[in-house]
Amino acid sequence: MKFDGGLKDLIKQAEKLKSDMDRIKNDAGETVVEASSGGGMVTVTAKAKGEIISVKIDPSAVSPDDAEMLEDLVCAAANEALSRGRKIMKDEISKVTGGMGLPPGLL
């Protein structure tokens, strides 16, 4: 069985795409995002790849009588920061794969 140059070209393109995707994931993953909740009482800073870098809490948000509110604010800010990071990753990957007709969620 003999393969023509078309298959070799396709394999080279796939390898380049994988390399580009790895580079973009690494580069975009280092992008820093920030989100706040409670009118800025809690601020979470994260990397787009999903790593929480810091959590800042305004002292006025710390109440021994309402720890649950503070927990909710931290969760809300963290989830928003991570959501923003996922969007950055998705947008950067779409730049490379755009127009390829890949199924959603494949990459």
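All figures in this text were calculated on a predicted structure; none of them were measured in a lab.
- Contact between Ala46 and Ala81 at its shortest, heavy atoms only, is CB-CB, 4.2 Å.
- In this structure, Glu68 CD and Leu73 CG are separated by 11.0 Å, a value rounded to the nearest 0.5 Å.
- The NZ atom of Lys87 sits 9.0 Å away from the OG atom of Ser94 when rounded to the nearest 0.5 Å.
- Taking both residues in full, the closest heavy atoms of Ala61 and Met69 are given as O-CE, 3.9 Å, listed atom of the first, atom of the second, then distance.
- In this view, Glu51 satisfies the side chain to side chain donor-acceptor pair (under 3.5 Å) rule with no residue, not counting sequence neighbours.
- Two residues are said to be in side-chain contact when any heavy atoms from C-beta on lie closer than 4.5 Å; Val44 and Asn79 fail this criterion.
- When hydrophobic clusters are built by joining Ile, Leu, Val, Met, Phe, Trp and Tyr residues whose side-chain heavy atoms come closer than 4.5 Å, directly or via intermediates, Leu82 is grouped together with Ile57.
- A salt bridge does not link Asp91 with Lys95: none of the charged nitrogens is closer than 4.0 Å to a carboxylate oxygen.
- The distance from the CG atom of Asp27 to the NZ atom of Lys49 is 11.0 Å, given to the nearest 0.5 Å.
- Rounding to the nearest 0.5 Å gives a distance of 10.0 Å between OG of Ser37 and CD of Glu80.
- Summarising the geometry, atom NZ belonging to Lys8 is positioned 13.5 Å from atom CG belonging to Leu10; distances are rounded to the nearest 0.5 Å.
- Summarising the hydrophobic clusters (Ile, Leu, Val, Met, Phe, Trp, Tyr; side-chain heavy atoms under 4.5 Å, direct or chained), the residues clustered with Ile88 are Val33.
- In this structure, Ile93 CD1 and Lys25 NZ are separated by 5.0 Å, a value rounded to the nearest 0.5 Å.
- By the criterion of side-chain heavy atoms lying less than 4.5 angstrom apart, applied directly or through intervening Ile, Leu, Val, Met, Phe, Trp or Tyr residues, Met89 is not grouped with Ile52; the two fall into different hydrophobic clusters.
- Residues Ser60 and Asp58 have side chains that bring a donor and an acceptor to within less than 3.5 angstrom of each other.
- Membership of the apolar cluster around Ile53 extends to Val32, as traced through chained side-chain contacts below 4.5 Å between ILVMFWY residues.
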